Structures are given as structure tokens and as C-alpha cells.
Amino acid sequence: MALLEVKNLGITFGGLKAVDNFNLTLEKGALYGLIGPNGAGKTTVFNLLTGVYKPTSGTFMLDGKEMKGKKPAEINKAGIARTFQNIRLFKNLSVLDNVKVGLHNQMKYSTVAGIFRLPGFFKTEKKMTEKALELLKVFGLDEHADTLASNLPYGKQRKLEIARAIATNPKLLLLDEPAAGMNPNETNELMETIRFVRDHFDLTVLVIEHDMSLVSGICEEITVLNFGTELAKGKTDEVLKNPEVVKAYLGQ
Amino acid sequence: MANKSNNSPLVKKKTMRPVTKQNLITYVMVIAVFTLFQTLSATGNLKYAHKALLVPVCTSIIMAVSLNLVVGVLGELSLGHAGFMCVGAYAGSFFSVLTEDVITVSWLRFILAFVIAAVCASVAGILIGIPVLRLKGDYLAIVTLAFGEIIKTIVNALYIGKDADGFHVTLDSTKLNIAADGQIILKGPQGITGTPKDSNFVVGFILIMITLFIVTNLMDSRTGRAIMSIRDNRIAAESVGIDITKYKLMVFTISAALAGCAGVLYSHNISTLTATTSNFGYNMSILVLVYVVLGGLGNIRGSIISATILYALPELLRGFSEYRMLIYAIILIVMMIVNNGTYFVKIKEKIFYNFSSKIKKDKKEVI
Ligand SMILES: Nc1ncnc2c1ncn2[C@@H]1O[C@H](COP(=O)(O)OP(=O)(O)OP(=O)(O)O)[C@@H](O)[C@H]1O
Ligand SMILES: [Mg+2]
């Protein structure tokens, strides 16, 4: 059974069909790309898959379970985590605490245990710190653990968002332009990291990206969106050679 | 990667975490100031008028710290905080007057009054919280403001008496039909008279310590992180599985319960409890908000300091009669300028981020 099954998903904003008739099947462990010109509806697809927007048509299933109509927090608990195109960190929390918020539903103790400093508090907090540092290390952020998230340089903020998303222990990871604002070196490093976390954390990754070197570098297959509809779909190198796709990008 | 955790600097480090250190400073500060004034007062070195300020200052501090939990930590603007204090004050006084002859151990009765007031105020917190938490920013502020006024109006209209037949509750004083040997506890606009004067500086201090303990430990825990993540970025918090409604309601409830306890402290320090604009109205709510904003959003120690200074000042300045408000205004301005270092900038940022732009942002920003 496929991990993610999207059927005829669509949403309309006051007459504008931002996404129309979107279909996608992701097998477990896939590294899949979603590309398209500006305003094509890529981020909107993510917002639909994470419950931020309610679809006006279609459905989608994760691991055979219906997800449509669920709230963002429920969808995350079911196993979908994401990053944001315009970075959304918890600015006034430390880098470590940002990841610990991601661990919120993974390691628990009650509010009462927290207020009264019961043994569960110390035990779980210690485990949370260890786990969070372990994750930060993957992204080379462990030495910034005590830094305020807002004080991190841009590229590292993007990485922290990925670390926080992985902390929620997802099955499916959605990355919205993870390489935006990164130089070629950083992008190469990021590609390595994405491959690594996919294997190490047993993830399936769906990535939106404008940087074609990243797309052709790591995505096995891609879908091209244009004006909310699917323009092409298939093996990355073949799709990128498709004249329709080239035209859509050049016509931009 | 995945190195053994004991290699990581943070876990191995045995030094005190910055948060723990900050909290410790706050505790020490409160204990030191308490000891100073308790000594002054016990040795007769405090004027009667100044001694009378001690309990009200404690009330203001608890109000400010508990409101900071909503405004500074959760990032929601509430203008009805005095309403919860009002609920607590009336519930506590009602209970104490009712049981004064039954429970003769005064400290036990007083503790029970606190518990009952905390429960009543948190129920009010939940009742107002459920509909209100669907609202955001300015809308939430307006509705909480109305809530505070409604509570005040209700207690001003309510008559409750007790006789051999049990309780009589009415909004019309002529219809109370109480037996001759009965007792009217709540007399509408005349409020509750004869509350035992159980409050004192020591009780106020203990209550501040309990409030501090609850609020600072809550902030520095899994729950506190979830609450602050909602403040910093609601959409991101939801995306990592934080249940927004649950934590908002929790903050409202805890904050209301603490305000209710402040109400008990207040009402057991005066002989006649009535609800007016200046004690339970929007004036009071806004005054407490001023304490919170000037002390720094999310800054508990700041709330304590600003509530103390700003509450005590107008009273201490009474000697200057006509210049009183002028001096008060100047001090407010000076406080702002002093804060203009990194502090005030941060506060301003937060206010603007949390309040005015929040609605616009949520609506317009493409996620
Ligand atoms: N909440 C909304 N209300 C109205 N229109 C919206 C909303 N969200 C997205 N849209 C519109 O939907 C279309 C697709 O937007 P989307 O952000 O998904 O594009 P994108 O493919 O991610 O583009 P980019 O590459 O620039 O990020 C745009 O025309 C956008 O204006
Ligand atoms: Mg986008």
C-alpha cells in the first residue's frame, strides 16, 4: 500500500482554482519533487495536505487512513510534518527548545508533573534534551542549542525548521523550498542531509524546490504544476526535458 | 550523528541553566523585600498608611503575574482580568461570612476560601474561555472587557440570603423573603459586609511565592514551551501537533484561578466588599495590563517590580497632593525611557507583533 494517496484534490479561492484535480501516489521511502512556476499552487498543495486549508474537492489518505477534514495538529500526529516557505520558527525560544516543541507529542509528562517538578519532569526533560541535541547534530546546529532561534543565520533557520519537523516523528516530510536563500555549497550539503534523514529516520519526502540542481540531484520522480493543474509527471530527467515543461518555465 | 548523549555539551554541563538562575534571582528578590518590610513593620518603623499598602501591593503583584501568563506568555490580550478577581473576592468572602461560626479555625477557613475562590474563578475562566478563544487579538480584548463589566454588574445586582429554609437568591431585593432569623450575605450594591479580616502581609507573601512557583515552573516545562510556541507562531505550533485550544484554555483557567486568589486576599483585607469601576472594573484590568507591559511581556520579575512601584507610588505621593498625578506621569515616562534599552524595544516589538499585526498577519500572509 502507498504511504500517501491523493485523489482529485482541489481548492478554490473566490473563483480562482488554486489547485485543481491534483493526484499523487507516494510509496514509502520515496523522495519526490513538486515543481512549477511562481503561483502554480505548490504551497497550496502543502497547505491542503497539512490541514491548513480545507479542500473544496477530493480526498487524501495517509497509510490508508482518511486525512481530509482533519485539523493541522491531528494531521501532524497522524504522521505528516512540514517546513514553511517563509520560515516560521518560534523566535523567542532557543534553538533547543524549538526542537523540544517538536518532541511535544513524542515524550510526555503532565502539566502537574511540570509545575510540581515530579520525577517524570526530570526524567523526560533529560531524554527530550538528549534527543533534541541528537537531531540538532544531524544539521550541525548542536553548538547553537542555546541561541535564540531568531538569531540564527538564514540558512541555519531553514535547517532548524527541518529538525523541528523531524522531531515530530513523521512518516511523511514536506519541505517547502528548503534551499531558498542558500548558496551552491550549502545546497549540496542540504541534499546530502535530506538523503541522510530520509534513510536514517525512515521518511518519505515530498519537496517543493525552484533550484533545479537540487531537484535533479535528489528527486527520483517529480510532478510539475502550472496554474493549479498537473502539467507533467514522471522520472525527473525525462520530465525536465518535456517541451511543455520547458515552455511553462520559459514563459514565466 | 547519533552520538551518545553524554558527549553533548548541554547534558554533561552541571552549571545552572539560565532560566533556573533567573527564577532564583526573582525568588531571592521577593524574599529579601518581604523580610525587609516585615522587619520594618514588626519593629514599628513603618507608618500606618504605608503598612496598609502591604497587602494591596501583594494583590497587585499576583494580578500582574497571572495576567502576564495570558498576555506575555500566551500572547493574547485580555482586558477582563479584574473580572476573575471579582469572582474570587465574592466567592471567598461569601464562603467566609457563611462559615465564620461553623469553621472556627480561621486559617483552615481561609485556606478553604482560597480553594473555593480559585475553583469559582477558574470555572469563570473556562466559561469565558470556550467562546472567547475562537476570537483573536482585538476581538478577544473587546469580549474579555465586556466579560469583566458583566461580572461586576451581576454581583452588584445579586442578593443572596440564608435562613432555615436554605439559600434565597434573587435580583430583586423586595423578593428575598428571608426569615427574621436569617442572614443576608450579599446585598446587591452594598456588597458583602463583615468578611473576617484574615489577610495580612505574610499571607500575601506566601501567595506570591505560590504564584511564582506555579507560573515559573509552568513556563519552564513541556506545557510552557507549547504555550510559548503558540505565542511565537500559531501556525507552526499547529504544524508540530500542538493543541492550540487546549493550551489556551489551560492558560486562561490557571490565570483566572490565580486572579481569584488575589481577590480573596483583597476581600479579606477590607470590611465591606463592593464592586466598583476602580476595584473590579475595566480601570483595574487596564491598570494591571500597564503593570505587565511596563514590566515586560513574559517577564515575571518585571511584573513584580512594576506592580510594586506603580501601585505604591500614587499612595506614597499623597503628601504632594496636587502634583501627585504629575509626578506619577513623569515616573511612568521615565520607566519607559529607562526601558528603552534592549528591553523596551523588545516589548514594543512583541506588542506590535502580538496584538496589532496579528490579525492582519493571520489573514493576509500566505503560508
Ligand atoms: N489563502 C489564499 N487566498 C487567496 N488566494 C490564495 C491563497 N493562498 C494561495 N492563493 C493563491 O493561489 C495561487 C497559488 O499560490 P501558491 O502559494 O500555492 O503558489 P506556489 O506554487 O507556492 O508559488 P511560489 O513558487 O511563488 O511559492 C496563487 O495565485 C495565490 O495567490
Ligand atoms: Mg510556494
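Throughout, protein chains are lettered first and strands after them, A, B, ... in sequence-line order, and every chain is numbered starting at 1. The basis for the numbers below is simple: all heavy atoms, side chains too, and nothing from hydrogens, waters or symmetry mates. Just so it is clear, the model here is predicted, and its values are computed rather than measured.
- Residues of residues 104-114 of chain A that come within less than 4.5 angstrom of chain B, heavy atom to heavy atom, are A:H104, A:N105, A:M107, A:K108, A:Y109, A:T111, A:G114 in numerical order.
- With respect to the salt-bridge test (charged N to carboxylate O, under 4.0 angstrom), the residues A:K77 and B:D243 do not qualify.
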Check: So A:K71 and B:I244, side-chain contact (heavy atoms from CB on, under 4.5 Å) or not? Walk me through it.
Finding: CA-CA 11 Å; A:K71 292 199 182 109; B:I244 309 283; over 6 Å; no

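- With a 4.5 Å cut-off on side-chain heavy atoms, B:R225 and A:M128 count as touching.
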Next item on the list: Apply salt bridge (Lys or Arg N to Asp or Glu O under 4.0 Å) to the pair A:R88 and B:E238, showing each step before the final yes or no.
Entry: CA-CA 11 Å; A:R88 288 179 170 271; B:E238 280 181 303; over 6 Å; no

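- Considering all non-hydrogen atoms of both residues, B:R222 and A:E125 come closest at N-OE2, 3.8 Å.
- With a threshold of 4.5 angstrom between heavy atoms, A:L103 does not approach chain B through any atom at all.
- With rounding to the nearest 0.5 Å, the separation of OG in B:S239 from CD in A:E161 is 7.5 Å.
- The local environment of NZ in A:K54 is crowded, with over 12 non-hydrogen atoms from other residues, nucleotides or ligands closer than 6.0 Å.
- Counted within 6.0 Å of NZ on A:K17, heavy atoms from surrounding residues, nucleotides or ligands total 12 or fewer; the atom is thus considered open.
- Residues A:F84 and B:I235 form a side-chain contact, since some pair of their non-hydrogen atoms from C-beta on lies under 4.5 Å apart.
- Summarising the geometry of B:M228 relative to A:L93, their closest heavy-atom pair is CB-CD2, 3.8 Å, with the distance given to 0.1 Å.
- Around CZ of A:F227, the count of heavy atoms belonging to other residues, nucleotides or ligands within 6.0 Å does not exceed 12.
- Applying the 6.0 Å contact sphere to CZ of A:R195 captures more than 12 heavy atoms from other residues, nucleotides or ligands.
- Contact of B:M219 with chain A is not made at all, since no heavy-atom distance falls under 4.5 Å.
- Closest approach of B:I242 and A:A73 over heavy atoms only: O-CB, 3.6 Å.
- Residue A:F116 touches chain B through both its backbone and its side chain, counting heavy-atom pairs closer than 4.5 Å.
- Taking every heavy atom of both residues into account, A:F90 and B:D232 meet most closely at C-OD2, 3.3 Å.
- Rounded to the nearest 0.5 Å, atoms CG (B:L218) and CD1 (A:I115) are 5.0 Å apart.
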